[in-house]
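Computation of the quantities below employed the complete heavy-atom set of this structure, encompassing side-chain atoms and omitting hydrogens, waters and symmetry-equivalent molecules. Worth saying up front: this structure is predicted, and the values here are computed from it rather than measured. In what follows, chains carry the letters A, B, and so on, assigned in the order in which the sequence lines appear, proteins first and then strands, with residues in each chain numbered from 1.
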Amino acid sequence: MEYLIIIVSAIFVNNIVLSQFLGICPFLGVSTKVNTAAGMAAAVTFVMALSTLVTYLIQYYILLPLGIGFMQTLTFILVIAALVQMIEIILKKISPAMYKALGIFLPLITTNCCVLGVAIMVVSKEFSFGGASHMLNLGESVVYSVAMALGFGVALILFAGIREQLELSDIPKAFKGIPIALITAGILALAFMGFSGLVK
Amino acid sequence: MAMESSFKNMVLSLTLVCLVCSVLLGLVYGVTKAPIEAAAVAKTNAAISAVVPQFDNVPSEDVFTVALSEDEVLTVYPATKGGEPVGYAVESFTAKGFSGTVKVMVGFDTEGAICGTSVLSHSETPGLGAKMTEPSFYGQFVGKNPSSFRLEVKKDGGDIDAITAATISSRAFADALRRAYDAYLKINAQNTECDE
Amino acid sequence: MSKAGIILKGIIKDNPTFVLVLGMCPTLGTTTSAINGMGMGLATMFVLVLSNIFISLLARYIPDKVRIPCYIVIIAAFVTILQLLMQAYVPSLYEVLGLYIPLIVVNCIVLGRAEAFANKNTAMDSACDGIGIGLGFTLALTVIGLVREMLGSGSAFGVKFISGDGMLAFVLAPGAFFVLAYLMVIFRQLTKNVK
């Protein structure tokens with residue numbers, strides 16, 4: 001039950017892109033086609049789950065016991081960068097087809113603030129999914145990060161669908177490109193506000 | 001021109017950069033450690049003095065905890081003047097906020113009336129629930145004694161004027177106040193026992 | 001190019017927010033008021049100037065293939081220093097900006113300038129570039145914050161000028177997107193002839 005609440009709240013209520021403003025760059029950058037958007041979403045989900053798992057363990061078994069919590073930002077970003085590199089190499093070896101599909105997105109993920117943002121969030125914030133507020137445990141952290149990534153995917157794919165249509169519409173010249181995309185995102189954010197209060 | 005990308009150079013430069021950065025961070029951490037702790041203490045002290053009557057002790061030195069249940073352990077800062085207790089600042093919380101935990105410092109005088117409240121941390125929506133940090137909302141509690149002032153929003157049959165369009169946040173705030181008052185009652189009960 | 005020219009270029013022609021469209025997350029996430037926007041801008045500028053200077057000094061000793069990880073470590077170090085300093089001396093601002101401070105590490109502006117400018121220019125020029133881009137970012141965030149604050153809460157820099165509430169949507173997420181979109185259009189129109 002609690003996992004269900006985590007998932008619904010992460011995808012709809014606290015959507016990472018539309019209400020928490022993380023991962024806006026890829027949201028605007030790779031959302032012109034539904035296919036690329038789906039590829040990006042898959043790659044982000046994969047990296048996010050893995051990096052949250054690793055950074056969670058590092059935070060609780062290395063940084064905190066040693067009393068060097070201040071090294072958090074530096075260690076986390078290094079771990080994420082290394083993980084992305086590793087996934088790229090492994091994917092190239094074992095599944096060239098998947099590499100071809102996801103490969104071009106991988107280097108972009110290091111600087112996607114969703115990944116670092118969620119990794120820091122799960123170890124620094126207290127959550128209360130209906131019950132008493134508490135720090136997340138390892139299982140909850142991974143579920144939360146996957147759900148957050150799915151939220152990213154939902155927003156990205158919805159947005160790409162709309163932008164494919166926008167390509168064909170008649171837009172004032174000054175609004176072409178980013179401005180109209182931002183306005184579309186704003187309307188999507190308005191729609192997602194309707195979910196707030198769904199899960200407390 | 002950049003150095004040649006031989007394996008030795010790559011490992012060496014990465015290691016060196018990491019090492020120098022870590023040492024640098026360690027130094028800055030050492031320098032800022034005391035001010036960071038001082039800032040945290042100053043924040044608590046400011047909240048305490050904002051919510052209890054004038055005192056002349058150092059409440060953070062006489063701090064104790066009150067356990068309402070296993071999950072609910074509240075920190076209490078007693079305020080005294082000339083050795084006589086004048087009030088208690090109770091660090092309360094609620095998990096019922098619109099977007100997560102809200103922490104509130106609640107001050108009581110010795111009669112149990114609320115002297116003041118100060119939100120320590122929250123992540124409520126700016127412009128809506130976040131108005132709990134404004135006097136127009138928290139001012140209504142000053143001088144009210146929860147024994148006669150019902151800590152529920154008016155919609156639920158209580159005496160609290162909820163923040164417009166932020167009933168959930170207002171309910172959460174009421175929940176934190178009730179928890180603080182429960183802690184106060186418990187302290188009061190213990191004190192009376194000691195007196196007898 | 002003169003030092004002043006480099007700075008001016010960062011503010012107008014290469015404005016990171018309105019022209020390069022980089023660093024969108026803090027731009028949207030922290031601009032609920034003018035003060036918050038300005039704080040975020042200045043924090044980013046601090047990291048940008050320092051990382052630019054150090055990367056331009058070190059670039060020639062770093063082998064090409066590991067330059068990105070090295071830059072990231074250098075940037076992350078300055079971000080952490082900023083975090084510690086803010087916790088110590090401006091804790092209230094640090095609390096408001098929260099997660100967005102560590103996220104300066106992955107702000108494309110910082111790594112972007114390291115890669116596009118600092119690693120092939122002198123330390124002096126890189127510092128100017130950092131100041132220019134940083135100022136451009138700070139100005140943009142302050143203006144966005146100001147507009148959102150005026151429309152959303154009816155105040156400017158924390159001073160209320162109407163009684164009652166503003167249009168709440170502007171403080172919330174959708175308003176951020178709308179305000180940025182319109183300001184971007186206005187900025188583009190205004191600077192169309194400034195090349």
Side-chain angles (χ1 to χ4, degrees), chain A residues 14-29 69-78 80-82 85 107-121 124-125 172-193 196, chain C residues 17-32 68-69 71-84 87 98-112 168-170 172-189 192:
Chain A
N14 294 312
N15 187 282
I16 192 162
V17 182
L18 296 169
S19 79
Q20 308 209 28
F21 297 123
L22 296 178
I24 305 275
C25 291
F27 181 68
L28 294 172
F70 64 90
M71 294 289 282
Q72 189 191 53
T73 315
L74 192 101
T75 336
F76 281 20
I77 189 68
L78 271 183
I80 293 168
Q85 278 283 315
L108 288 175
I109 292 178
T110 311
T111 52
N112 181 341
C113 49
C114 286
V115 183
L116 182 62
V118 170
I120 295 179
M121 236 191 276
S124 58
K125 207 173 131 188
K173 198 170 153 245
F175 280 89
K176 282 231 162 80
I178 299 291
I180 192 71
L182 284 170
I183 289 181
T184 314
I187 296 172
L188 259 185
L190 265 180
F192 268 72
M193 265 174 73
S196 66
Chain C
T17 309
F18 296 129
V19 181
L20 303 179
V21 199
L22 290 175
M24 285 293 111
C25 302
T27 307
L28 294 163
T30 62
T31 52
T32 48
I68 300 290
Y71 296 169
I72 291 181
V73 172
I74 294 171
I75 295 169
F78 285 118
V79 169
T80 310
I81 290 174
L82 173 76
Q83 274 181 288
L84 292 169
Q87 273 173 9
L99 187 60
Y100 291 101
I101 296 295
L103 287 183
I104 294 176
V105 179
V106 284
N107 187 325
C108 344
I109 297 175
V110 184
L111 192 60
L168 259 182
F170 282 98
L172 305 178
F177 287 108
F178 294 141
V179 170
L180 178 58
Y182 280 98
L183 284 177
M184 200 179 273
V185 170
I186 294 170
F187 187 88
R188 283 182 178 178
Q189 291 295 325
K192 210 164 42 178

**Asked** For the candidates A:Pro172, A:Gly117, A:Ser19, which exhibits the highest count of non-hydrogen atom pairs separated by less than 4.5 Å from chain C?
**Response** A:Gly117
**Request:** Would you check if A:Met193 and C:Pro174 make a side-chain contact, meaning some heavy-atom pair closer than 4.5 Å?
**Result:** yes
**Asked** Tell me, side chain or backbone of C:Leu172 under 4.5 Å from chain A's heavy atoms, or both, or neither?
**Response** side chain
**Request:** Select, from C:Leu180, C:Leu183, C:Ile186, the one with the greatest count of heavy-atom pairs under 4.5 Å involving chain A.
**Result:** C:Leu180
**Request:** With side-chain contact (heavy atoms from CB on, under 4.5 Å) as the test, would you mind laying out the steps for C:Thr80 and A:Met71 before giving the verdict?
**Result:** CA-CA 7 Å; C:Thr80 310; A:Met71 294 289 282; over 6 Å; no
**Request:** Give, as side chain, backbone, both or neither, the part of A:Leu116 having an atom under 4.5 angstrom from any heavy atom of chain C.
**Result:** both
**Message:** Taking side chain as everything from C-beta outward and backbone as N, CA, C, O, which of these in A:Lys173 sits under 4.5 Å from a heavy atom of chain C? Side chain, backbone, both or neither.
**Reply:** neither
**Asked** Between C:Gln83 and chain A, which part of the residue has a heavy atom less than 4.5 Å away: side chain, backbone, both or neither?
**Response** side chain
**Request:** Could you tell me which non-hydrogen atom of C:Met24 sits nearest to which non-hydrogen atom of A:Cys25, and how far apart they are?
**Result:** N-SG, 4.1 Å
**Prompt:** Looking at C:Thr30, C:Val106, C:Val79, which has the largest count of heavy-atom pairs under 4.5 Å with chain A?
**Reply:** C:Val106
**Message:** Using side-chain heavy atoms (C-beta onward) and a distance below 4.5 Å, is A:Phe76 in contact with C:Val105?
**Reply:** no
**Fill in**
Between C:Ala176 and A:Phe21, the two heavy atoms sitting closest are CB-CZ, 3.7 Å
**Message:** So for A:Ile77, is it side chain, backbone, both, or neither that comes closer than 4.5 Å to the heavy atoms of chain C?
**Reply:** side chain
**Prompt:** Under 4.5 Å between any side-chain heavy atoms of C:Phe177 and A:Leu190, yes or no?
**Reply:** no
**Request:** Name the region of C:Val73, side chain, backbone, both or neither, that has any atom closer than 4.5 Å to a heavy atom of chain A.
**Result:** both
**Pairwise distance CG(A:Leu74) to CD1(C:Ile74) - rounded to 0.5 angstrom** = 10.5 Å
**Prompt:** Does some side-chain heavy atom of C:Leu99 sit less than 4.5 Å from a side-chain heavy atom of A:Ile120?
**Reply:** yes
**Asked** Looking at side-chain heavy atoms only, is the closest gap between C:Val185 and A:Phe175 below 4.5 Å?
**Response** yes
**Asked** Are A:Gln20 and C:Cys25 side-chain neighbours, meaning at least one heavy-atom pair lies under 4.5 Å?
**Response** no
**side-chain contact (heavy atoms from CB on, under 4.5 Å) between C:Leu84 and A:Phe70, intermediate numbers included** = CA-CA 8 Å; C:Leu84 292 169; A:Phe70 64 90; 4.1 Å; yes
**Message:** So, taking the atom named CG in C:Leu103 and the one named CG in A:Leu22, what distance separates them when rounded to the nearest 0.5 Å?
**Reply:** 6.0 Å
**Request:** Might you confirm whether atom OH of C:Tyr182 has over 12 heavy atoms from other residues, nucleotides or ligands at distances under 6.0 Å?
**Result:** no
**Message:** Given heavy-atom pairs under 4.5 angstrom as the criterion, report whether the side chain, backbone, both or neither of A:Leu28 touches chain C.
**Reply:** side chain
**Residue pair C:Arg188 / A:Lys176: nearest heavy atoms and the distance that separates them** = NH1-O, 3.8 Å
**Prompt:** Which answer fits C:Leu111, side chain, backbone, both or neither, if we ask what part of it has an atom under 4.5 Å from a heavy atom of chain A?
**Reply:** side chain
**Item:** Candidate pair C:Phe178 and A:Ile183, rule side-chain contact (heavy atoms from CB on, under 4.5 Å), full reasoning
**Value:** CA-CA 5 Å; C:Phe178 294 141; A:Ile183 289 181; 4.0 Å; yes
